[in-house]
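All heavy atoms count here, side chains included; hydrogens, waters and symmetry mates do not.
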Amino acid sequence: MAGYGINSMLKEGHKHFSGLDEAVLKNIDACKQLSTITRTSLGPNGMNKMVINHLDKLFVTNDAATIVSELEVQHPAAKLLVLAGKAQQEEIGDGANLTISFAGELLQNAEELIRMGLHPSEIISGYTKAIDKTIEILESLIEKGSETMDVRNKEEVVSRMKAAVASKQFGQENILCPLIADACIQVCPKNPMNFNVDNVRIAKLQGGGLRNSTIVQGMVLKGDASGSIKRVEKAKIAVFVGGVDTSATETKGTVLIHSAEQLENYAKTEEAKVEELIKSVADSGAKVIVSGAAVGEMALHFCERYKLMVLKISSKFELRRFCRTTGCIALLKLSPPSPDDLGYADSISVEEIGGARVTVVKNEEGGNSVATVLLRGSTDSILDDLERAVDDGVNTYKAMCRDSRIVPGAAATEIELAKQLKEFSFKEIGLDQYAIKKFAESFEMVPKTLAENAGLNSMEIISSLYAEHAAGNSKVGIDLEEGVCKDVTSLDIWDLHVTKFFALKYAADAVCTVLRVDQIIMAKQAGGPRRDQAPAGAGMDED
C-alpha cells in the first residue's frame, strides 16, 4: 500500500520540508551557523580558524574564502552563501568575509521579522529597495578626487591596498604592501585594464622571517639545475616540452645483431645522434636547455661537454610561465631550434635560500612580464597564510586598475549607510519599512564585530560612532589599536568602492534567494552503499 499525499507521488526515501517553520527558518538557521563561523575572523583582529579538510590537510587562516571552500558545506541554503563568497573572491579577491557575515546578519534579522508576522515576500521587497538605496548612498560616500589614480604610483597603490592586506596579516601590512605594490607595478602593462593576476608569482621558502622576503624581477623555480653549470648571463634559451633523451623508435622494431662489432656500432650511432642534436642546439647560440620531462644521462653528458646549462621544469603551467617570462617558443620534438624559437634571459642562476636550492630567472631589461614575491616564514601554514594575503593584495591591485574610487574604511562607511538607510525607512509607508530598518541595523554588524574581535566594548563604540556621524562627521571610524573613534583620513584606512559594492550586492542577492524558498524536496541519494560504510567482512578476499 503506497503512502498518501506527497509520499505517494515521490519515491520512497525522499525528504520533504515545507512551510515557514520547517523550510524557511531551517534554511536561515543553517546560514546563520555559517556566518557565525566566518564572523569572528572579520577584520584585522579576526581570529584564525583551524580547518582540517577531508585529505587531512591543515589550514590555519582567517581568510573566509579559504575557510568556506575547505568546509564541505552540505546544507543547500548555506551553499548559496558559500557561492556568494566565492563569487566575491573571484570578482574582487577580497571581501568574501563581509559578504557571508553580512548575509548571515540579514537573515537573522529576517527571522525576527518573520516571527513578528511579516511574510517573506514583504521582507524581500523591503531588502531589494534597501540594497538599491544602499548603492545610491555608497556612491555619495566616495572620496573626492579618487576617481583618477596613477596605478604606477607606489604610495597611492599602497594606501588602497593596505586595508585588504591588513585584514589578513595585521601588523605586517607595512612590510607586505610595498613588496606587493612593487611586484604589481613592474608587471603592469601599458593599459592597466589588461593587468593579469597570474603574472605576479609567489614562491614560498621556509626559514628566515617575513623581513627577509624580497621581490625578484622574473621567475623563481624550485629545484636545482641538472649538470654542473649553475650560472649563465645574457643567455639564449631553448625549451623542449618532451624531455631531452634518446628517443625510442615510433614503431616497434627488432634489430638483429650478428657480431660484437655491430653491437658497438649500434651504440655509437645512438651516441652520435644525441651529440649531433645537442651540438645543433649549442650552435644555434643557446646556452640553456629547458626540458619539460626527464633529461637522459647521455644527453646530460653532451650538454656538459658543450657547456649548456640544463633546467628541468616538470609542471606544464610553470613551463608556460617560463616561456612567457623569457619569450621563447616551446618545441615539441627534439629538433635543432630556429633563432626565432629561442628565448632570452639576463641571468639564470642557482641560489641557495634558507637551505633550499632555487633557480632564479631574471629578466630586467626586456618588458617585464612576470615578477615573483619571495616569501620567507618559519612554518608552512604561516607561508600559506602570507600567500593568501599577497593574493588579496594583487587582486585588489587588479580591481583598482579598473576602478580606483575609494570609500572610508574602518566601519565608517557602514555606520553612515546604517544612519542614512534608517532615515530612508522612516519615509517609507507600508510593511517594507520594517525590512528596510532591519537592513540598516544589519550594517552595525561590521563595527560591532570589529570591536568585539579587538576586545573592545562594542556598545560604547557603536553609540559613539552614531553620535559622531549624526554630528556630520561621516568619515569617523574605529581605531582598533587605541580603541577609540577617529577620522579615517588621519588613520589612512580606505576600502575600494568596488569591493563594498559587490560584497553588499552579492549578500543581498543570496539572502533574497534563501528567503524565496518555501519548500525543500530532497530525493533519495543515488548509488549503492557508500564506500566508507562497507559492511564488515567485505573485501576480505581482495589481497
Task: Check ion pair Asp132-Lys129 (N to O, under 4.0 angstrom) - done: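 Salt bridge: no.
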Open item on the list: Once ring pair (Phe, Tyr, Trp, His ring centres under 6.0 Å) is applied, what residue pairs with a partner in residues 159-214 remain, sequence neighbours excluded?
Closed with: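 For residues 159-214: Phe195-Tyr397.
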TODO: Please report the shortest heavy-atom distance between Ser347 and Glu233, naming the atom on each side.
DONE: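 Nearest pair, atom of Ser347 first, then Glu233: CB-OE1, 3.9 Å.
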Going by atom type alone, with no hydrogens or angles, which donor-acceptor pairs under 3.5 Å involve a side-chain atom of residues 468-481 and a protein atom two or more places apart or on another chain?
unit_1, atom_1, unit_2, atom_2, d
Glu468, OE1, Asn473, ND2, 2.7
His469, ND1, Glu416, OE1, 2.7
His469, NE2, Val476, O, 2.9
Lys475, NZ, Glu143, OE1, 2.9
Asp479, OD1, Glu481, N, 3.2
Asp479, OD2, Lys486, NZ, 3.3

Open item on the list: Nearest 0.5 Å, please: how far is CG in Asn48 from OG1 in Thr61?
Closed with: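 Those atoms lie 6.5 Å apart.
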Open item on the list: Please report the interatomic distance OG1(Thr40) to NZ(Lys49), rounded to the nearest 0.5 Å.
Closed with: 2.5 Å
TODO: Give a yes or no on this: more than 12 heavy atoms of other residues, nucleotides or ligands lie within 6.0 Å of atom NZ of Lys316.
DONE: no
TODO: Sequence neighbours left out, what passes side-chain hydrogen bond (donor to acceptor under 3.5 Å, both in side chains) with Asn212? Give chain and number order.
DONE: none
Open item on the list: Please enumerate all residues that pass side-chain hydrogen bond (donor to acceptor under 3.5 Å, both in side chains) together with Asp150, with sequence neighbours excluded.
Closed with: none
TODO: With sequence neighbours excluded, give me every salt bridge (Lys or Arg N to Asp or Glu O under 4.0 Å) pair touching residues 59-68.
DONE: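 Matches after skipping sequence neighbours: Asp63-Lys168.
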Sequence-distant partners of [X], ring-ring contact (aromatic ring centres under 6.0 Å, His included), two or more places apart:
X      : result
Phe502 : Tyr506
Tyr127 : Phe439
Phe59  : none

Contacts of [X] that satisfy salt bridge (Lys or Arg N to Asp or Glu O under 4.0 Å) - sequence neighbours left out:
X      : result
Lys57  : Asp384
Glu173 : none
Asp198 : Arg201, Arg321, Arg324

Task: Backbone N/O of Met400 and side chain of Ser404: donor-acceptor pair under 3.5 Å - done: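 Not confirmed, Ser404 side chain does not pair with Met400 backbone.
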Open item on the list: Donor-acceptor pair, distance only, cut-off 3.5 Å: does the side chain of Arg152 make one with the backbone of Ile185?
Closed with: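 Flag not set: sc Arg152 to bb Ile185 has no pair under 3.5 Å.
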- [ ] Quick one: which residue pairs count as a side-chain hydrogen bond (donor to acceptor under 3.5 Å, both in side chains) with a foot in residues 351-361, not counting sequence neighbours?
- [x]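 Every side-chain hydrogen bond (donor to acceptor under 3.5 Å, both in side chains) pair that includes a residue of residues 351-361, provided the two are not neighbours, is Asp224-Arg357, Ser349-Glu351, Glu352-Arg357.
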